[in-house]
Structures are given as structure tokens and as C-alpha cells.
Number of protein chains: 2
Amino acid sequence: MATSETMPSSGQVLETLLRTTHQLHLQFESHLSALQVPEYLSGPRLRFLVSVAEAGQIRMSEIAAKLGIKPRTVTQFVDALEQEKLIVRLPDPDDRRATFIRLSETAPPLMQQARLAMSESADKVLASLSPEERGQLLLLLQQLSE
Amino acid sequence: MATSETMPSSGQVLETLLRTTHQLHLQFESHLSALQVPEYLSGPRLRFLVSVAEAGQIRMSEIAAKLGIKPRTVTQFVDALEQEKLIVRLPDPDDRRATFIRLSETAPPLMQQARLAMSESADKVLASLSPEERGQLLLLLQQLSE
DNA sequence: TATTGTTATACTCTATAACTATA
DNA sequence: TATAGTTATAGAGTATAACAATA
């Protein structure tokens, strides 16, 4: 039987995980807003854009499934990001009910800038971990998300 | 010079951290809502209640500072949780501008129930990690939040 | 003058339900 | 009849600004 230090309860781990990431999230957003990143590039929007960028071109229903959000929510992201000229809607010629989305031409440099600011913020937020510990953390997280 | 596997960039780690915990958060909330926990005990509200419970009795301005939220937001939490009979407001006799809050008598059993459900959900969410890995993760998170 | 908490208001993210156009 | 996306609406969590009561 192991001690509680080597075998903490799931509840304790998850509680710490959610609490800690909430703190990091707040720190991260406050660093970001101090930098030159446009405010409308919030966390969820950036996550959305990254998904679109990875796919190149993707149907709205697909990205909803991929991100675990509802079609209605996709419509709102697309509306907001289209207004900011970051993505464009394209009709699907094979299915006239469906709509593809992809990054606009102005999006990549902005996202690049956002990534830089994110990485700068991340350096501050993760300052208390050594490079090796960051590697460990990354592996554990990747295992969790599979 | 280490490889990128042992020394990932901060940006990559934080990106994975935020993305992964977003997924976990969604999974966790969906497990929770499938259980018998009252819906009004959402993550942020539970976090708020736990803070109040730890303090025993705390001023609204203090809890705002502790949780990193604005006084206006505290007022909303208190309004909602007071309506659910989970906390009570008490005047501060020494400063008539200030208000103390503390748990009501009915709160602790409900919170206990919520913790149990949370731990059940957590088991599912963390199923892909061994007990040792959970221990590692916990240590890394604790280090991060210091 | 400064601080505590509140009212008024608004924005983002998320959801459900009802609908339109198409398949 | 089923699917893709939209309109309409709502609710939680967060914020800023203006204000009243008190210090």
C-alpha cells in the first residue's frame, strides 16, 4: 500500500489541476492583454483559429465535433471572427447546406504575433518549472488528452 | 543541448496545458451533471464555496482578492449562493461598510456530496494515468501554483 | 478623500429549441 | 425524414463605471 503522497486521490489531483490551471489562465490572460495582441483574440477564439489553421479548410459541423462545442457556438465564433476579417466562409459545392471555413490572408501574421505573445507569457507562467519538469508535464498532459 | 522532446518550448507546454484542461473540464462537467449534484453548484461556485469554507468567515473584499475576481463578481456569487441558502451575509460590527460571508448550516452536507461526485468524475477523467503518474502530475501542479 | 459593496450595463462563451434550405 | 447552419433566446461568469454609505 503506497502512501497518499505517491498515490493521491483522483479528486485531489483533478481539484488541483482545475484550480491551478484557473490561476494560470488568469495570469496568462493578464500577460496577454498587457502585450500587443488584439483583445478579440481570446483563448477560445485562438483555439478555434488554430483548429481551422491545422485543417486548412473545414466544415462547420466538423469543427464543432472536433472542439466538442455545439453548431450554434460555431456560428458565433465564425460570425465574430469573420467580422474581424480573420476567417472566411466558403460554400461547399457538393452540399449546398454545408459551409467551409478557412483562414483569411490577414490571419496568419496576426496568429504568429499571438503565438509569440503567448510564448512570452508562457515563459513567465511556467517559470517555476525546470525544462525537464516541463517535459514531464507535457508528456502527462498528452497522455491525458488521448 | 537537449532535444525538443526533453525541452519543449513554454508555449507548447502551456498550449497543451490549456487545451487539455479545457477538454478535462468539459468531460468533468458532463460527468457531474449526470450525477445527483445540483446544477447550481458549478465549478466557479464550488471554488468560491471552498474558499469561504477554508476561511470560516471572510470579508467580501478579501475573497475578491483571494480569488482574483472583482468585487462586482463577488456580489453576484453571494447573491446566487445566498438565494440557494448556501451562504449567509453578516455585518461587520467594526466597519459598517463591510460584509462578512460564511457557509450556512445546510451547506456542508451538500458540499460533501459534491466532493464525492467530483471524485467519482475525477476517477473517470484521470483513468489514463497510473497512480504514480497522478502523483507526479500533482507535484508538478503544486510547484506551478506556488 | 478613500474604501466597501451595490446598481446598471455589457461582453464572451456556452446552451436549447425552433426554423430554413437542402439532401 | 434527416442534416447543416441560422435566428431567437437564455444563463453563467466576467468586466467597467457610477453611486451610496461609511471611514
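Proteins come first, then strands; the chains are lettered A, B, ... in the order of their sequence lines, and each starts at number 1.
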> What heavy-atom pair brings B:Pro8 and A:Pro131 nearest, and what distance separates the two atoms?
Replying inline: CD-O, 4.3 Å

> If you round to the nearest 0.5 Å, how far is CG of B:Leu86 from CD1 of B:Ile101?
Replying inline: 12.0 Å

Check: protein-nucleotides 21-23 of chain C nitrogen or oxygen pairs below 3.5 Å:
residue	atom	partner	partner atom	Å
C:dA23	OP1	A:Arg96	N	2.9

> Heavy atom of residues 70-77 of chain A under 4.0 Å from DNA chain C: which residues?
Replying inline: A:Lys70, A:Arg72, A:Thr73, A:Gln76, A:Phe77

>> Can a donor-acceptor pair be found, under 3.5 Å and without considering hydrogens, that links the side chain of A:Arg59 to the backbone of A:Ala98?
In response: no

> How bent is the helix from C:dT1-D:dA23 to C:dA23-D:dT1, comparing axes over its five end pairs at each side, to the nearest 10°?
Replying inline: 20°

> Is the distance from OP1 or OP2 of C:dT3 to the nearest side-chain N or O of B:Ser61 less than 4.0 Å?
Replying inline: no

>> Rounded to whole Å, how long is the line connecting atom CD1 of B:Ile69 with atom P of D:dA12?
In response: 16 Å

>> Donor-acceptor pair, distance only, cut-off 3.5 Å: does the side chain of A:Ser51 make one with the backbone of A:Leu67?
In response: no

> Starting at CG of B:Leu81 and ending at P of D:dG11, how long is that distance when rounded to a whole Å?
Replying inline: 17 Å

> When you check the phosphate oxygens OP1 and OP2 of D:dT6, does a side-chain N or O of A:Arg89 lie under 4.0 Å from one of them?
Replying inline: yes

>> Can you measure A:Lys66 atom NZ to D:dA4 atom C1' for me and round it to whole angstrom units?
In response: 19 Å

> Roughly how far apart are B:Leu140 CG and A:Leu126 CG, rounded to 0.5 Å?
Replying inline: 11.0 Å

>> Quick check on the hydrophobic clustering: are B:Phe48 and B:Val50 connected, directly or via other members, by side-chain heavy-atom contacts under 4.5 Å?
In response: yes

>> Rounded at 0.5 Å granularity, tell me how far CG in B:Leu81 sits from CZ in B:Arg89.
In response: 10.0 Å

> How close or far is atom P of C:dT4 from atom CD1 of B:Ile101, stated in whole angstroms?
Replying inline: 14 Å

> Measuring from A:Ile87:CD1 to A:Gln57:CD, what's the distance to the nearest 0.5 Å?
Replying inline: 12.0 Å

>> If I take atom CG in residue B:Asp79 and atom P in nucleotide D:dG11, what distance separates them, rounded to the nearest angstrom?
In response: 16 Å

> B:Ile58 has an atom CD1; how far is it from atom P of C:dG5, in whole Å?
Replying inline: 11 Å

>> What is the separation between atom CZ on B:Arg59 and atom P on D:dA23, rounded to the nearest whole Å?
In response: 11 Å

> Transitively linked via ILVMFWY side-chain contacts under 4.5 Å: B:Ile58 with B:Val88?
Replying inline: no

> Given atom CD1 of B:Ile63 and atom P of D:dT14, what is their separation to the nearest angstrom?
Replying inline: 12 Å

> Among the clusters formed by ILVMFWY side chains lying less than 4.5 Å apart, do B:Phe100 and B:Leu49 turn up in the same one?
Replying inline: no

> Distance from B:Phe77 atom CZ to B:Ile69 atom CD1, nearest 0.5 Å?
Replying inline: 5.0 Å

